[in-house]
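All remarks here apply to the structure that follows.
One-based numbering, in listed order, for ligands and for the atoms of each. These numbers were taken from a predicted model, which means no experiment stands behind them. Position 1 is the first residue of the sequence; numbering continues from there.
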Amino acid sequence: MKRLSVVMLLLLALAACGGGPAGGPGAVQEPTAAPETGGETAGEPQLDAELSVYNWEDYIDEQVLRDYEERYGVTIVYDTFASNEDLLTKLQAGASGYDVIFPSDYMVAQMIELGLLAEIDVSAMPNFANIGEEFKDPPYDPGNRFCTPYQWGVTGIGYRAGHPGFEEAPASWAYLFDPAKLEQFSPDGINVLNDQRELIAAALFYLGHSPNTTDRAQLEEARDLILSAKPYWKTFNSEDYYSTLMVSDEIVLSHAWSGDTAQAFWTTFDEEAGTGNWLFAVPVEGAVRYQDNVCIPASSQRQATAQHFMNYLMEPEVAAAITNFTFYPSPNVAAEEFIDPEILNNPGIYPPPEVREKLQWLEDVGDAVFIYDEVWTAIKGQ
Ligand code: SPD
């Protein structure tokens, strides 16, 4: 654990970036006030027998789900998606059957606009008080009328420690777009996130534009940059890239989410060497900070049970178990005493203020979403 801290401090000094955390998967602790019941308890709704939960890959400790099932007698049907746009497509296709979903910031705004989310009542969720003020009442969901905060993080560059060329952290989007860097690293494998807004944002940052631009010319410039780099990329993967590409050394560089890279770091952690194989850099041109959320689709037929589950996810021990497993920061301040200190104090996971300052949210771009769709289709189609 101590050696891990040294690694992290070194990384921060190199490039205002972060790397792998300490602390293995955290076991869910016994809830402080766990009602042992088959479903209904005093003051709680009659719970449905089943709940369908749709989340990002590698984004929960599944023990948290098993504990909920045991405590409340609700069977959880769990499935994962690769991107906000995939989630949106599923919901728009109708009859998805999902009861709890985890969209990011800008997608929450889009879904509210499209009438796809059910209203919730945070005043009926006692554990909402555990969420830090910084994370409540976000611009994309004023008053938390639809969603509660889940986890947050940074999008940057994951890289294979010790690979020639990474003596210094690759803290620039040039590593994904500059022809010279691509020539250098492409033979050993580069992955980019299969995520429309994230990949276009990376190109926009590199070009010096806003990641939320609605300017067609700038978006076409980003499209052309991506198309010129695409032949050098081995994979578009935002689902299991950490487990199938990073830890197996199928690639040496990846457009990546901080927690996924930290999972790769920890999976490859070598006690003797005192480090893991995968580290994370925050590009100097700027990077995305996202907040993912827990929401209920308007089409859900089990909204009371869904809201009960949302409240459960905000129990301090539960939120901590999730962060101890996923290595993504929690907005739950009451959880902090249960989060592994090596994670909590790790600047690669909880970025310090000087790094946070450089980060930008992805926002709902309104009708320009059609330009983004058009650009994405061109990128994926060629
Ligand atoms: N493996 C879990 C990844 C979830 C990261 N959140 C995505 C944010 C997209 N803007």
Side-chain angles (χ1 to χ4, degrees), residues 18 20-21 25 53-62 64-65 78-89 100-111 135 138-141 147-158 191-205 211-212 235-247 254-267 278 280 282-283 286-295 313 322-331 348-351 359-365 369 372 376:
V53 177
Y54 198 34
N55 194 0
W56 300 83
E57 183 100 7
D58 295 319
Y59 214 30
I60 201 161
D61 179 349
E62 295 210 8
V64 159
L65 305 177
Y78 191 74
D79 197 5
T80 60
F81 56 84
S83 72
N84 283 298
E85 286 67 28
D86 285 358
L87 169 61
L88 177 65
T89 304
V100 180
I101 55 173
F102 294 71
S104 307
D105 33 59
Y106 75 92
M107 184 51 71
V108 168
Q110 263 182 255
M111 287 181 169
F135 301 94
Y140 56 82
D141 178 21
C147 306
T148 54
Y150 180 61
Q151 294 198 107
W152 63 280
V154 183
T155 312
I157 293 178
N191 174 61
V192 293
L193 292 173
N194 190 18
D195 185 301
Q196 169 173 328
R197 286 297 303 273
E198 290 281 14
L199 186 57
I200 295 172
L204 289 168
F205 277 124
N212 298 305
T235 39
F236 280 70
N237 185 326
S238 53
E239 280 188 283
D240 56 2
Y241 64 104
Y242 113 75
S243 54
T244 60
L245 299 173
M246 286 174 148
V247 302
S254 183
H255 182 209
W257 288 312
S258 51
D260 292 350
T261 311
Q263 289 180 46
F265 175 91
W266 191 237
T267 304
W278 282 86
F280 186 73
V282 179
V288 167
R289 170 187 170 166
Y290 50 83
Q291 182 163 304
D292 298 324
N293 306 274
V294 195
C295 320
L313 290 180
I322 295 170
T323 284
N324 285 336
F325 184 86
T326 65
F327 302 108
Y328 282 89
S330 176
I349 298 174
Y350 282 84
L359 306 175
Q360 285 187 58
W361 298 87
L362 292 180
E363 294 165 4
D364 179 12
V365 290
V369 73
Y372 279 80
W376 188 244

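Applying the 4.0 Å criterion to heavy atoms of S104 picks out, from ligand 1, the atoms 8 (C), 9 (C), 10 (N).
Considering only non-hydrogen atoms, atom 7 (C) of ligand 1 lies nearest to W56 out of Y150, W361, W56, F327.
Remark: distances from the non-hydrogen atoms of G153 to ligand 1 are all 4.0 Å or more. Look at Y242 and you'll find every heavy atom at least 4.0 Å from all atoms of ligand 1.
When atom types are taken as modelled, the side chain of W361 and the backbone of D105 share no donor-acceptor pair closer than 3.5 angstrom. Under a 3.5 Å cut-off, the side chain of D195 and the backbone N or O of E198 do form a donor-acceptor pair.
Between D260 and ligand 1, an N or O atom pair is found at a separation short of 3.5 Å. Residue-to-ligand polar distances place E198 within reach of ligand 1: an N/O pair is separated by less than 3.5 Å.
I157 is not listed as a side-chain neighbour of S254, based on a closest heavy-atom distance of 4.5 Å or more.
For the ring pair (Phe, Tyr, Trp, His ring centres under 6.0 Å) with Y328, the lone residue among W152, Y59, Y350, Y150 that qualifies is Y59. Exactly one residue among W56, Y241, W278 makes a side-chain hydrogen bond (donor to acceptor under 3.5 Å, both in side chains) with D260. That residue is Y241.
At a heavy-atom distance under 4.0 Å, only backbone atoms of E57 (N, CA, C or O) approach ligand 1.
Remark: minimum distance from atom 6 (N) of ligand 1 to any protein heavy atom is reached at D292 OD2, 2.7 Å.
The aromatic rings of Y290 and W257 sit perpendicular, their planes meeting at an angle over 60°, well past the 30° parallel limit.
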